[in-house]
Protein chains: 2
Amino acid sequence: MLKDKKNPQQCQIVVALNMIVGKWKPIILDHLLHGEPLRFNELKKLIPDITQRMLTMHLRELEEHDILTRTVYPQVPPKVEYRITEYGMTLQPMLKTMQQWGANHIEHMKEKDN
Amino acid sequence: MLKDKKNPQQCQIVVALNMIVGKWKPIILDHLLHGEPLRFNELKKLIPDITQRMLTMHLRELEEHDILTRTVYPQVPPKVEYRITEYGMTLQPMLKTMQQWGANHIEHMKEKDN
DNA sequence: CTGAATCCAAACTGATACTG
DNA sequence: CAGTATCAGTTTGGATTCAG
């Protein structure tokens, strides 16, 4: 199944976590969740510090999980588009909740410093 | 600040993620979120496969992030209790959202197999 | 009972060079 | 343009031993 070695007690939270863990995955998702499909190089430009290797690997994993689709246009030079799936869109509420908690946490830390 | 090497674009989602990533952290949180304080050994028994080392490390990190408190009772043998903080309780909605998505995803995968 | 310390293996990420 | 391949570095987790 999944990387269930990492999910010793079949925790549902971990199942959800496995969709979005990876150094750059949340950022990739953030860009694709806007709805517009993006080409490999467009993502690369939006995430300047990512390596081609990591971008490829993360995109492949997200594709495996039905979060996005990969469409190859048979052209020279090649064109490949990545688009969020309907199913991938269901991550939206979860990610939004996390984003809000994260924003709040940044404030929490500032207060703590005082 | 935080482990911001791991958060290249100051993504708020990653800030939230950093609270709960770690092999056993979601499970630890799950147990403590019930509200009852738990001793080190009680947690160890609830999570049989965790090593003492990992339990200690995860608890320390959660403590650093104000998610839980560590209370030492000066006794012999020692007694140490871990209790979720009020702030830690604010993780609840986020974790519940993730849990629901995870549960749904398990169903999604079953359908896919057919 | 609740750890800390050490050593080791596996997983993850980065850098670089090459290709259809 | 959109990758693949290889190698090196970093991080994470596990096993074991020792200690207040």
Side-chain angles (χ1 to χ4, degrees), chain A residues 1-9 11 14 17-28 31-32 37-65 68-83, chain B residues 2-9 11 14 17-29 31-32 37-65 68-83:
Chain A
M1 202 182 164
L2 307 177
K3 302 177 187 174
D4 275 333
K5 306 165 196 173
K6 292 210 146 195
N7 192 358
Q9 294 193 359
C11 176
V14 177
L17 225 31
N18 282 337
M19 296 298 114
I20 57 175
V21 285
K23 185 163 175 179
W24 310 89
K25 261 188 213 165
I27 297 169
I28 293 172
H31 288 301
L32 286 173
L38 291 171
R39 297 181 60 171
F40 187 88
N41 241 15
E42 291 176 322
L43 282 164
K44 180 81 188 67
K45 279 171 199 159
L46 288 167
I47 313 169
D49 292 341
I50 198 173
T51 59
Q52 287 188 330
R53 178 182 136 84
M54 287 310 296
L55 184 51
T56 303
M57 289 179 66
H58 281 160
L59 288 170
R60 289 289 193 284
E61 283 180 43
L62 291 167
E63 192 192 356
E64 272 176 35
H65 292 317
L68 53 82
T69 57
R70 177 174 180 266
T71 310
V72 183
Y73 296 88
Q75 306 176 355
V76 180
K79 170 178 170 180
V80 179
E81 270 186 357
Y82 295 89
R83 183 193 298 264
Chain B
L2 307 178
K3 302 177 185 175
D4 275 333
K5 307 164 195 173
K6 293 213 144 193
N7 193 357
Q9 295 192 358
C11 176
V14 177
L17 226 30
N18 282 337
M19 296 299 113
I20 57 175
V21 285
K23 186 162 176 182
W24 311 89
K25 261 189 214 164
I27 297 170
I28 293 172
L29 287 172
H31 288 301
L32 285 173
L38 291 170
R39 298 180 61 170
F40 187 86
N41 242 15
E42 292 176 322
L43 282 164
K44 181 79 186 67
K45 279 171 200 160
L46 288 167
I47 314 171
D49 290 343
I50 197 173
T51 60
Q52 288 188 333
R53 177 182 135 86
M54 288 310 297
L55 183 52
T56 303
M57 289 180 65
H58 282 159
L59 289 169
R60 288 291 191 285
E61 283 179 42
L62 291 167
E63 191 191 357
E64 274 176 35
H65 293 316
L68 52 82
T69 58
R70 176 173 181 268
T71 310
V72 183
Y73 296 87
Q75 307 176 353
V76 179
K79 168 177 170 181
V80 180
E81 271 187 354
Y82 295 91
R83 183 193 298 263

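Reminder, nothing fancy here: chain letters follow the sequence lines and each chain counts from 1.
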task: Send over the distance from Ile28(A) CD1 to dA2(D) C1', rounded to a whole Å.
output: 14 Å
Beyond-backbone contact of Ile47(B) with His31(B), side-chain heavy atoms, under 4.5 angstrom: yes
task: Output the distance between atom NE2 (His58(B)) and atom CG (Leu68(B)), rounded to the nearest 0.5 Å.
output: 12.0 Å
message: What I'd like to find out is whether the side chain of Met57(B) reaches to under 4.5 Å of the side chain of Met54(B), using heavy atoms alone.
response: yes
message: Whole angstroms only, please: what is the CG-C1' distance between Leu38(A) and dC1(D)?
response: 15 Å
message: Measuring to OP1 and OP2 of dG14(D), would you say a side-chain N or O of Trp24(B) lies under 4.0 angstrom away?
response: yes
task: Starting from the first five and the last five pairs of the helix from dC1(C)-dG20(D) to dG20(C)-dC1(D), work out the angle between the resulting helix axes, to 10 degrees.
output: 40°
message: When you compare the side chain of Tyr82(B) with that of Thr71(B), does any pair of heavy atoms fall below 4.5 Å?
response: no
field: Side-chain heavy-atom pair Arg83(A), Leu32(A) within 4.5 angstrom cut-off
entry: no
- prompt: For Leu46(A) and dA2(D), what is the distance between atoms CG and P respectively, to the nearest whole Å?
  reply: 13 Å
Mind listing the N/O atom pairs, protein and nucleotides 2-7 of chain C, below 3.5 Å?
unit_1	atom_1	unit_2	atom_2	d
dT2(C)	OP1	Arg39(B)	NE	3.2
dT2(C)	OP1	Arg39(B)	NH2	3.4
dT2(C)	OP2	Asn41(B)	N	2.9
dG3(C)	OP1	Arg60(B)	NH2	3.4
dG3(C)	OP1	Arg70(B)	NE	3.1
dG3(C)	OP1	Arg70(B)	NH2	2.3
dG3(C)	OP2	Tyr82(B)	OH	2.4
dG3(C)	N7	Gln52(B)	OE1	2.9
dG3(C)	O6	Gln52(B)	OE1	3.2
dA4(C)	OP1	Arg60(B)	NH2	2.9

- request: Would you mind reading off the distance between Ile47(A) atom CD1 and dG14(C) atom C1', rounded to a whole angstrom?
  value: 16 Å
task: Report the C-alpha separation of Leu55(A) and Trp24(A) in whole Å, then their side-chain angles, then the decisive distance to 0.1 Å, and conclude whether the side chain to side chain contact (heavy atoms under 4.5 Å, CB included) test is met.
output: CA-CA 8 Å; Leu55(A) 184 51; Trp24(A) 310 89; over 6 Å; no
message: Between Glu64(A) and Glu61(A) (side chain of the first, backbone of the second, donor and acceptor by atom type, cut-off under 3.5 Å), is there such a pair?
response: no
task: Please report, rounded to the nearest Å, how far the C1' atom of dT16(D) is from the CE atom of Met54(B).
output: 16 Å
message: My understanding is that only residues two or more places apart in sequence, or in another chain, count here; which of them pass side chain to side chain donor-acceptor pair (under 3.5 Å) with Glu81(B)?
response: Tyr73(B)
- request: For Asn18(B) and Lys25(B), work out which heavy atoms get closest and say how close.
  value: O-NZ, 4.0 Å
Spacing of Leu55(A) atom CG relative to dG14(C) atom C1', expressed in whole Å: 14 Å
statement: Lys23(B) NZ to dA10(C) P, in whole Å, measures 13 Å
- prompt: Expressed in angstrom and rounded to an integer, what is the separation of Met57(A) atom CE from dC12(C) atom C1'?
  reply: 8 Å
